[in-house]
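Both backbone and side-chain heavy atoms feed into the values below; hydrogens, waters and symmetry mates do not. All chains are named by letter (A, B, ...) in the order of the sequence lines, taking the proteins before the strands, and each is independently numbered beginning at 1.
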2 protein chains.
Amino acid sequence: MGIEDAGPGTVRPGGRTARVRASVLRAAGDALAEHGFAHLDLVDVARRAEVGKTTVYRRWGTVTGLVADLLLEMAEESLPRTETGSLLGDLKANARLVQRTLADPRQGALFKAVLAAATGEEKTAEALHRFYDTRVKEWAPCVQQAVDRGEIPQGTDAHEVIRAVSAPLYYRLLTSGDRLDEAAADRAAEAAVAAARAGAYLRGDDGHA
Amino acid sequence: MGIEDAGPGTVRPGGRTARVRASVLRAAGDALAEHGFAHLDLVDVARRAEVGKTTVYRRWGTVTGLVADLLLEMAEESLPRTETGSLLGDLKANARLVQRTLADPRQGALFKAVLAAATGEEKTAEALHRFYDTRVKEWAPCVQQAVDRGEIPQGTDAHEVIRAVSAPLYYRLLTSGDRLDEAAADRAAEAAVAAARAGAYLRGDDGHA
DNA sequence: CGATTAATGAAACTGGAGTCCCGTTATGGG
DNA sequence: CCCATAACGGGACTCCAGTTTCATTAATCG
């Protein structure tokens, strides 16, 4: 009975506490990109961040807890969205952005590690879902504009179209050893547009015309 | 210099050795499905398999090594493929199969764990890639048949079409909390067919007609 | 069937991840 | 500017995953 929880960092979040968090999250990202999720150890993160290991254990506790907080920060920094005037152009821009991110050695390894961490730990999974919801929502407007222009049918689920662009890129990253190139990105965008035109992403409909 | 490696289990693979392997792999699958990759510990696997922990460490060494062997076995047991006479019918059957597998609590958790394990460990990743190559190759013929029937353009990359069906299902499994239902499976199949018809999966082509 | 030795398994051992204790630092409120 | 105390950090401690050793069991070959 009474107010409980409110872990460390919630009462005096300014100054040192904020610096420690930034330093630890940066170190965690580096370590994840280098060693992967499986071999991440909090003592190493503490060393890199030049912070006492007690602090890391007290504030984040586990590897998955730390990744969850890292995802919160990653969700905040949003990337600028371009507008090309056509759905295919916008989705290609999106696909290229995702492709470049996943193909980059550091970023690609980091995303793989974060996905692995979200597997199995509910709290981390929720943070990951919020991260992708944020990204999808940022890009959904370009699909709605395409509907308004008459490029694709009324009632198209904008979020589903955006997800359709990323899906094959992530699938390829995880299940094949092939490199993610621009051709793969363009193909993903083209496939999504073709499917959207055919009404495959109509909301609350199973696709039968 | 000379012949080296050839670890335990390669000289006398019959009888007990085979029984131990089967028992350990089954236990590993159970443990992965229950606790996830992050919390898997080989001592627990040894206990479940009723096998000395020394044996597990000697033959598989690490968690990722054990998962790699598990994937080799998973690749061998192939699922029967149905033939419905139309590309959409065949791909829907494939999509439903994947969807049922991933939606099943045990199987879904196991696949998540296996994907997580393949992240970061090259040897495990290779085993995973072989597993998916096997599955994709099993289903590719139905796409070729569709080409022969004239449903989709000549020069369509059959493997890419099959991957396009699974991709959105895996993407949803990993990046959202939403349940994988039949509607999602059907939508994946329909989108793949629409994109294939539009020529998005032409081999060695970036999609421009 | 018996000899050879590959493979297993019990037990003792070790190193380091994670915890605990308590003194030190510096934030935020008055 | 000063006080109360939130948050940090060093170091000792614990516990168990992973290793090593060696005796026991059983697969293969003649």
For [X] and [N], what is the distance between atoms [atom1] and [atom2] respectively, to the nearest whole Å?
{"X": "H39(B)", "N": "dA17(C)", "atom1": "NE2", "atom2": "P", "value": "16 Å"}
{"X": "D41(B)", "N": "dA17(D)", "atom1": "CG", "atom2": "C1'", "value": "7 Å"}
{"X": "E50(A)", "N": "dG9(D)", "atom1": "CD", "atom2": "P", "value": "10 Å"}
{"X": "R47(A)", "N": "dA17(C)", "atom1": "CZ", "atom2": "C1'", "value": "11 Å"}

For this session: Just report the end-to-end axis angle for the helix from dC1(C)-dG30(D) to dG30(C)-dC1(D), five pairs per end, to 10 degrees.
Result: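 Here the local axes at opposite ends form an angle of 50°.
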For this session: Strictly below 4.0 Å, heavy-atom distances to any atom of DNA chain C: list the hits from residues 25-36 of chain B, or just say none.
Result: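 Hits under 4.0 Å, by residue number: none.
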When you compare the side chain of [Y] with that of [X], does any pair of heavy atoms fall below 4.5 Å?
{"X": "L91(A)", "Y": "V161(A)", "answer": "yes"}
{"X": "T101(B)", "Y": "V98(B)", "answer": "no"}
{"X": "W139(A)", "Y": "R163(A)", "answer": "no"}
{"X": "R81(B)", "Y": "L97(B)", "answer": "no"}
{"X": "L128(B)", "Y": "V114(B)", "answer": "yes"}
{"X": "T156(A)", "Y": "R203(A)", "answer": "no"}
{"X": "L42(B)", "Y": "K53(B)", "answer": "no"}
{"X": "R172(A)", "Y": "L169(A)", "answer": "no"}

Exercise. Of G15(B) and L42(B), whose closest DNA chain D nucleotide lies nearer the 5' terminus?
Worked result: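 So the residue in question is L42(B).
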Problem set entry | For Y171(A), ring pair (Phe, Tyr, Trp, His ring centres under 6.0 Å) partners two or more places apart |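 Applying ring pair (Phe, Tyr, Trp, His ring centres under 6.0 Å) to Y171(A) gives Y170(B).
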Problem set entry | Sequence-distant partners of D90(B), side chain to side chain donor-acceptor pair (under 3.5 Å), two or more places apart |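 Checked D90(B) against side chain to side chain donor-acceptor pair (under 3.5 Å); matches are T84(B).
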For this session: Strictly below 4.0 Å, heavy-atom distances to any atom of DNA chain D: list the hits from residues 51-63 of chain B, or just say none.
Result: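 DNA chain D contact set from residues 51-63 of chain B: K53(B), T54(B), Y57(B).
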Problem set entry | Strand-adjacent residues in residues 17-24 of chain A, judged by heavy atoms under 4.0 Å from DNA chain D |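 Correct list: T17(A), V20(A).
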Judged by atom type as modelled, is there a donor-acceptor pair below 3.5 Å linking the side chain of [X] to the main-chain atoms of [Y]?
{"X": "R96(A)", "Y": "D186(A)", "value": "no"}
{"X": "E190(B)", "Y": "A200(A)", "value": "no"}
{"X": "T134(B)", "Y": "R130(B)", "value": "yes"}

